[in-house]
Protein chains: 2
Amino acid sequence: MAQPSEQAAPAEPSGQAAPVPPWERPRRAAPRRVFTREAIVTAALHIIDTEGVDAMTMRRIAQELGTGPASLYAHVSGREDLIHLVLDRALTEVRCPPPDPQRWQEQIKDVLRLVRRVLVSHGDLARLLPEIGFPTGESVTVTSEAILAILASAGLPKQACAYGVDALSLYVSGIAAEEAVRARSADAGRPAGEALAGRADRYIAALPPDRFPMLTGMAAELTRDVGDERFEFGLDLLLTGLAALAPVRA
Amino acid sequence: MAQPSEQAAPAEPSGQAAPVPPWERPRRAAPRRVFTREAIVTAALHIIDTEGVDAMTMRRIAQELGTGPASLYAHVSGREDLIHLVLDRALTEVRCPPPDPQRWQEQIKDVLRLVRRVLVSHGDLARLLPEIGFPTGESVTVTSEAILAILASAGLPKQACAYGVDALSLYVSGIAAEEAVRARSADAGRPAGEALAGRADRYIAALPPDRFPMLTGMAAELTRDVGDERFEFGLDLLLTGLAALAPVRA
DNA sequence: TCTAGGTGGCGAACGCCGTTCGTGTCAAGA
DNA sequence: TCTTGACACGAACGGCGTTCGCCACCTAGA
């Protein structure tokens, strides 16, 4: 890989080249590379997509870019900064509609469905959410703004809008992270049934039915994993609650 | 601290004792300590209470117990196991009532309020929740069983009970973790206003009002932090949604 | 009482992590 | 051409969870 430069390895008259003495070794034989923050985020997201969140270390990203981890710090202030950027990059795929008071509930659901879909499409990306407290990327901000606008168009009081957007995002983040754990387990090549649902299955099956009749009696329902059903159920709960706070429309 | 044992340091005739040669140094001068899993969990919880979750490392726990981190592994299989135990220890404080169909909503709320209170009482304990996928401690299991029993007593279908307990626990976990981040920031001795709410304040204040009129117009509501208000709001949403699924009672 | 096996305590070290420091390179501007 | 600031990058720091190998201790059985 490393090719000695000419000044560091003067031409030998003939025969085998003598090894370059240590004090004459070039620090860097290959031209230094040039990076951008975008390239770093792209590499990080690619690693998450192909290897999962646990593989996304500064070293692994640097390796992907053909350099060392220190090079990343010229562009991101640290791991946390990088996570903000990665999440925000993913969420640029979320498009929000202008508010329509007649169908505000469906609009909220649509936005949150899209958020979840984006998170899920990147494997276990959602597992990064708890590592940052308060997402501050542009995409997240735009999405929050849109949700607030929709809630406000429904006539909800300001405080209800504010608390509502918080509850909604907590729920979506939570379920996305839950699903991310499940997705990771499945992708890691574990035996079929070793997914989180499989573990819950076995856990519940091992419970003493006399002591835990509800859990054991609802094992199938508790571990049911059919499409978006679980997500939609929770969304319905929240939206029903919010609708109860909105003015009645004729 | 280390006191040479008598066999390793034979009595000198007089004067200053000669240093013990390396090959005669006792491996352990003090009697070996005896630990229990309970003591380890107690030490871990004490560290969380006094220094926060970030300080709870295997090394720090071992230090608290006067030993090295390797000693912990005879009693816990690893950090994840320890976290399960710590969370479960904390949640032993949760007491659940027998179901009363006439006041099932208040019962659910009471249980979840208690869960949250327990989590909050241990500083930023809730930040540990995302590190484990599916809590399997006894306390958690007992609590889930009780919530299911209450929901079932309200006449909710099995699937609604199952999805409902999931949504409720996701919400409580989410908001507890959110509050834990806030609590940690405040406890870390940062300047007043450096709490998460303070950061959100400044973040929202820095947004361009023409582009983000909803966020900037609701800054006060979004950052409002008054007792249990925010938590109760989300709980009300979920319970309203669940009540809509329950049979109507005379 | 003695012996053997199992359990557990513990030091040293491993491999990995995020990050910093110091040095060298490069490009733009004077 | 020279200077300066930004950036690339190797080496190393300090920290983490964990394992390995050794030794001590305890208990059960002969």
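Chain naming here is simple, since letters A, B, ... match the order of the sequence lines and numbering starts at 1 in each.
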For A/R79 and C/dG18, is the shortest distance between a side-chain N/O and OP1 or OP2 below 4.0 Å? yes
Is it the case that B/R89 and B/T42 place a side-chain donor and acceptor less than 3.5 Å from each other? yes
Under 4.0 Å between any heavy atoms, over every strand shown, what does A/F35 touch: base, sugar-phosphate, or nothing? Just pick one. sugar-phosphate
Does D/dA8 have its OP1 or OP2 closer than 4.0 Å to a side-chain nitrogen or oxygen of A/H75? yes
Inspect the contact between B/E145 and A/R211 and indicate whether a charged nitrogen and a carboxylate oxygen are less than 4.0 angstrom apart. no
Have a look at B/L82 and tell me which of B/L87, B/I61, B/L128, B/L72 forms a side-chain contact (heavy atoms from CB on, under 4.5 Å) with it. B/I61
Gap between atoms CD1 and C1', on B/I40 and C/dC10 respectively (whole Å): 13 Å
In this structure, how many angstroms lie between the C1' atom of C/dT19 and the CD atom of A/E80, rounded? 14 Å
Between D/dC16 (P) and B/L82 (CG): distance, integer Å: 14 Å
Is any side-chain nitrogen or oxygen of A/T67 closer than 4.0 Å to OP1 or OP2 of D/dC9? yes
Has B/S71 got a side-chain N or O lying under 4.0 Å from the OP1 or OP2 atom of C/dG9? no
Rounded to whole Å, please give me the gap between CZ in B/R33 and C1' in D/dC23. 17 Å
Euclidean distance, atom OH of residue A/Y73 to atom P of D/dA12 [Å, nearest integer]: 18 Å
Looking at D/dT18, C/dT19, D/dC9, which one has an atom nearest to any side-chain atom of A/M58? C/dT19
In whole angstroms, the gap separating C1' of C/dG24 from CZ of A/R32 amounts to 9 Å
Ring-plane angle category for A/H75 and A/F35, please: parallel below 30°, perpendicular beyond 60°, tilted otherwise. perpendicular
When only distance counts, do a donor and an acceptor, one from the side chain of A/R59 and one from the base of C/dC16, lie under 3.5 Å apart? no
To the nearest Å, how far apart are A/I61 CD1 and C/dC17 C1'? 12 Å
Counting only side-chain heavy atoms from C-beta out, which of D/dC7, C/dC17, D/dG17 sits nearest to A/A74? D/dC7
So, A/R117 and A/E93, do they make that salt bridge, N to O below 4.0 Å? no
Using whole Å, report how far CD of A/E131 lies from P of C/dC17. 13 Å
